[in-house]
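This chain uses plain numbering: 1 for the first residue, then up along the sequence.
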Amino acid sequence: MNKLTPFALAITITAALALTACSTAPGTAPASSSDSKSSSSAEPTKEASKAPDLTGTWKQTNSAAVDSYQEAEISGDVITINWVSDNGDTKSIYWVGSFAAPTDASTPYKWTSTRDQEATASAMLASQDATKEFTFQDDTISYSASALGTTTTIKLKKG
C-alpha cells in the first residue's frame, strides 16, 4: 500500500505540470489582468483637431473694385469691419460687434454678432442691424452687407 501512495503522488504532480505547461505558449508568461489593460491604453490616440484661430486682419476677396473693399479685424471678443477706399487711405466703420471664437474644428462655424451701438452710433456708413450672422468655412468668413438698397455677400480671407 505504501508503494501506491508515492506512485499516485508522482502521477498527480506530473499531471499538474503537464496541464500547467499546456495553458501557455512556449516562451511566454501567463497574462495577467493588468497586462491586458496596459495594452489597450498603449494604442495611439487620435489628437483632437484644434479650433481655428480667427484673430487678425481679414480682407474682402470678392470686391468689384481693387481700391475699395471691406476689411475686418478680430481681436479678443470683438469684430470690427470697415469700408476701405482710396487704396486704404480712407476707412469708415461698418460694424463693431461681439465675436465668439470657435471651440472645435467643425465647420461651418457660425456665430451671431451683436452690434456695439455706442461704437457705431455716429458712423454714417455703419450697419444699423442689431445683430449680424457670420459663417466661417474653407478659410473664409462670409456675411451679408447692405448699402443703398443693395445686399451683397461679403467674403473675407485672412492676411
With distance as the sole test, does Asn82 use its side chain to make a donor-acceptor pair with the main-chain N or O of Val84 at under 3.5 Å? no
Nearest heavy-atom contact between Pro52 and Pro102 is O-CG, 3.5 Å
Check whether Ser63 reaches the backbone of Ser68 with its side chain - one donor and one acceptor, N or O, closer than 3.5 Å.
yes
For Thr103 and Ala51 the tightest heavy-atom approach is C-CB, 3.7 Å
Audit row: Lys157, Gln60, side chain to side chain contact (heavy atoms under 4.5 Å, CB included) steps and yes/no: CA-CA 6 Å; Lys157 288 273 189 185; Gln60 183 178 1; over 6 Å; no
Interatomic distance, CD@Glu133 vs OG1@Thr112, rounded to 0.5 Å, equals 3.0 Å
Side chain to side chain contact (heavy atoms under 4.5 Å, CB included) between Ile74 and Ile141: does it pass, once the steps are laid out? CA-CA 11 Å; Ile74 297 176; Ile141 293 176; 3.8 Å; yes
d(Thr120 OG1, Ile81 CD1) to nearest 0.5 Å is 11.5 Å
So the ring pair (Phe, Tyr, Trp, His ring centres under 6.0 Å) pairs with at least one residue in residues 58-88 (sequence neighbours excluded) are Trp83-Tyr94
Heavy-atom nearest pair, Thr151 first then Ser146, reads OG1-OG, 2.7 Å
Can a donor-acceptor pair be found, under 3.5 Å and without considering hydrogens, that links the side chain of Thr90 to the backbone of Asp86? no
Steps toward side chain to side chain contact (heavy atoms under 4.5 Å, CB included) verdict (Val78, Val96) = CA-CA 7 Å; Val78 175; Val96 179; 4.1 Å; yes
- prompt: In this structure, are over 12 heavy atoms from other groups packed under 6.0 Å from Gln128 atom CD?
  reply: yes
field: Close side-chain approach of Lys59 to Gln70, heavy-atom, < 4.5 Å
entry: no
Here the gap from Lys132 atom NZ to Ser127 atom OG, rounded to the nearest 0.5 Å, amounts to 4.5 Å
To the nearest 0.5 Å, atom CG of Leu148 lies from atom CG of Leu125 at 8.5 Å
- Ile79 side chain reached by Phe134 side chain, heavy atoms, under 4.5 Å: yes
>> For the CD atom on Gln117, are there more than 12 heavy atoms of other groups (residues, nucleotides or ligands in this structure) within a distance under 6.0 Å?
In response: no
On a heavy-atom basis, the closest approach of Thr131 and Trp95 is C-CH2, 3.7 Å
Rounded to the nearest 0.5 angstrom, the CD1-OG1 distance for Ile154 and Thr140 is 13.0 Å
| message | Go through it in stages, so that I can follow the logic: the residues are Thr135 and Trp111, the test is side chain to side chain contact (heavy atoms under 4.5 Å, CB included), and I'd like the CA-CA distance, side-chain angles, deciding distance and then a yes or no. | response | CA-CA 7 Å; Thr135 301; Trp111 78 94; over 6 Å; no
*Would you mind reporting whether Lys158 and Thr57 have side-chain heavy atoms less than 4.5 Å apart?*
no
(request) Measure from the side-chain N and O atoms of Arg115 to the backbone N and O of Asp129, and report whether any donor-acceptor pair falls under 3.5 Å. (result) yes
Value for CG (Leu156) from CD (Glu71), rounded to nearest 0.5 Å, stands at 9.0 Å
